[in-house]
Amino acid sequence: MMPKQDVIPEQTAVSWPIVMSVSMAGMRRRFSRAMITMVGVVLAIAFLCYMLLNETFVQSMIAEGSDDLNILLQNANVDILSGGGTDQMTVLLIGLTLLTSLVGIINAMLMAVTERVREIGTLKCLGATDQFVVRTYFVESAVQGVCGSALGMVLGLVVSMVVNLKTYGWFALKTFPAGGVVVALLVSLGAGAVLSVVAAIIPAYMAARKQPVEALRVEE
Amino acid sequence: MISCSGVTKVYVMGKEEVHALRGVSIDIEQGEYVSIMGPSGSGKSTLFNMVGGLDTPTTGEVQVAGCRLADLNSSQLAWFRCRKIGFIFQSFNLIPTMSALENVAIPRVFAGETPRAAREAARRVLDRVGLGHRLDHLPSQVSGGQQQRIAIARALVNEPLIVLADEPTGNLDLHTGEEIIDLLNEMKANLGVTIITATHDMKMLSCSDKIVRIEDGSVKRVDTQADVNVKVGTIDGETVL
């Protein structure tokens with residue numbers, strides 16, 4: 001009376017909402033770990049956001065064409081004739097910041113994978129597919145990236161407002177470029193989200209390649 | 001139920017070839033309690049891994065419940081491990097970020113059940129192993145013996161054909177180890193699962209139906225319960241620190 005199983009089907013895929021809840025629960029209980037990864041994103045995105053906002057502020061103030069304001073702008077070393085655009089050095093600096101942040105997230109995620117080799121192996125012994133493992137790492141990175149970007153966005157906005165109000169006084173409010181600010185905030189959020197998802201590619205792939213037999217290895 | 005015929009395994013390490021298994025043939029019936037014994041490096045773990053679909057033989061064949069494991073792709077193996085095999089580890093291997101209930105529920109989620117139904121099933125199994133009052137504890141908040149009980153519940157939650165237990169008492173003290181063996185035995189009797197353990201623990205022998213001794217990659221001897229009747233003495237007394 002041997003139970004025959006002639007054709008073994010493919011393993012069922014775990015749906016995204018369930019992957020989300022598993023990942024989120026993991027991050028809640030490894031909160032400090034997630035926070036450290038997030039700080040890198042927060043700082044980079046805050047910097048990006050600050051630079052983008054300053055550009056729109058300055059452009060909007062130049063367009064105002066007020067003499068008093070032009071004096072303030074010149075005192076702040078703004079090149080009025082060039083229209084307040086960002087120079088090459090600044091673009092390079094922003095690029096480098098984002099790149100550093102990208103490497104930082106990759107590093108943190110790779111560490112998370114190495115730390116959890118046994119955990120990944122165990123899950124695979126219990127029936128997790130490569131796809132499930134890949135998805136959990138993408139969700140983890142994306143959530144950290146989006147939360148980090150949102151915080152960075154707020155930080156960038158606050159700092160930019162404080163600096164601009166201090167330098168240009170009420171002109172900053174009078175010429176407040178609402179449309180430009182919204183665009184800058186959205187660009188920052190999007191950049192952070194893309195950054196974190198791109199950063200997860202290599203770690204997630206490495207995690208999926210871990211073998212279930214790793215679960216049986218005893219290290220202690 | 002499980003049949004290994006002429007299984008060999010050769011690992012190539014640089015230029016050297018390591019023969020982990022040199023032609024092992026064994027048959028295991030449903031509902032048997034089999035202990036695989038052997039010194040470390042004997043090929044015990046390799047054989048063990050092959051039955052669980054964690055490793056494939058170089059030559060020879062491993063059939064479990066009538067299907068050749070070597071023919072399965074990784075997704076089919078995941079299906080097979082999920083539903084047909086329950087794993088129990090020496091170091092428990094509970095997911096540290098999940099509560100007892102979540103740990104036991106996860107194999108059912110992998111099997112395609114909704115989280116709610118999975119938790120319901122997990123609750124029943126945890127009750128059965130005597131941990132109905134520890135559902136929301138994290139693994140780090142319970143004792144080693146309780147962690148292994150959670151792991152046993154997790155191994156049984158999908159009603160597998162086979163439970164593979166790798167040194168299940170290796171990290172436990174004598175008394176707790178005995179409780180775990182009793183629990184495994186009880187599950188075998190009640191659920192009819194086949195239990196295969198890799199072990200050094202002499203206590204496990206007295207309840208084994210079959211004892212496979214492996215040395216240097218070959219089966220040295222297969223004893224049945226009648227051949228060995230090991231009685232293990234116990235030491236009771238006050239613990240002095």
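The chains referred to below are lettered A, B, ... by the order of the sequence lines, with proteins before strands, and numbering in each begins at 1. Quick note: numbers below take in every heavy atom, side chains included, and nothing from hydrogens, waters or symmetry partners. This one's a predicted model, so the numbers in the text were calculated from it and none came from an experiment.
In terms of heavy-atom pairs under 4.5 Å with chain B, the best-connected choice from A/Ile18, A/Val213, A/Thr122, A/Thr129 is A/Thr122. Interface summary for chain A: among B/Asn73, B/Asn93, B/Asp55, B/Leu54, the most heavy-atom pairs under 4.5 angstrom belong to B/Asn93. Listed options B/Glu29, B/Arg83, B/Gln76 were ranked by heavy-atom pairs under 4.5 angstrom with chain A; first place goes to B/Gln76. Taking chain B as the reference chain and counting heavy-atom pairs below 4.5 Å, the highest number among A/Gln11, A/Gln211, A/Glu10 is found for A/Gln11. Between chain B and the residues A/Ala128, A/Cys125, A/Gly121, the largest count of heavy-atom pairs under 4.5 Å involves A/Cys125.
Electrostatic pairing of B/Glu102 and A/Arg29 counts as a salt bridge here, judged by a charged N lying under 4.0 Å from a carboxylate O. A salt bridge does not link B/Lys9 to B/Glu17: none of the charged nitrogens lies less than 4.0 Å from a carboxylate oxygen. Checked for salt-bridge contact, B/Arg68 and B/Asp71 meet the test: a charged N lies under 4.0 Å from a carboxylate O. A/Arg30 and A/Glu119 are joined by a salt bridge, as a carboxylate oxygen and a charged side-chain nitrogen come within less than 4.0 angstrom of each other. A salt bridge is absent between A/Asp130 and A/Arg135; no separation between the charged side-chain nitrogens and carboxylate oxygens falls under 4.0 Å.
Heavy atoms of other residues, nucleotides or ligands lying less than 6.0 angstrom from CZ of B/Arg22 number more than 12.
Heavy atoms of B/Ala155 lying under 4.5 Å from chain A are absent altogether. Interface remark: A/Val14 contributes side-chain atoms only to the contact with chain B (heavy atom separation under 4.5 Å). Contact annotation for B/Leu77: neither backbone nor side-chain heavy atoms come within less than 4.5 Å of a heavy atom of chain A.
With sequence neighbours excluded, the residues satisfying salt bridge (Lys or Arg N to Asp or Glu O under 4.0 Å) with A/Arg33 are A/Glu115.
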In sequence, state the C-alpha distance, the side-chain angles, and the governing distance for A/Phe57 and A/Phe176, and then conclude on ring-ring contact (aromatic ring centres under 6.0 Å, His included).
CA-CA 7 Å; A/Phe57 271 115; A/Phe176 187 78; 5.8 Å; yes
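Cation-pi contact between B/Lys44 and B/Phe48: absent, since separation from the ring centre below 6.0 Å together with deviation from the ring axis within 45° is not met.
For residues 140-152 of chain B, a heavy-atom distance under 4.5 Å to chain A picks out no residue at all.
The two residues B/Lys188 and B/Ile195 make their nearest non-hydrogen contact at CB-CD1, 3.7 Å.
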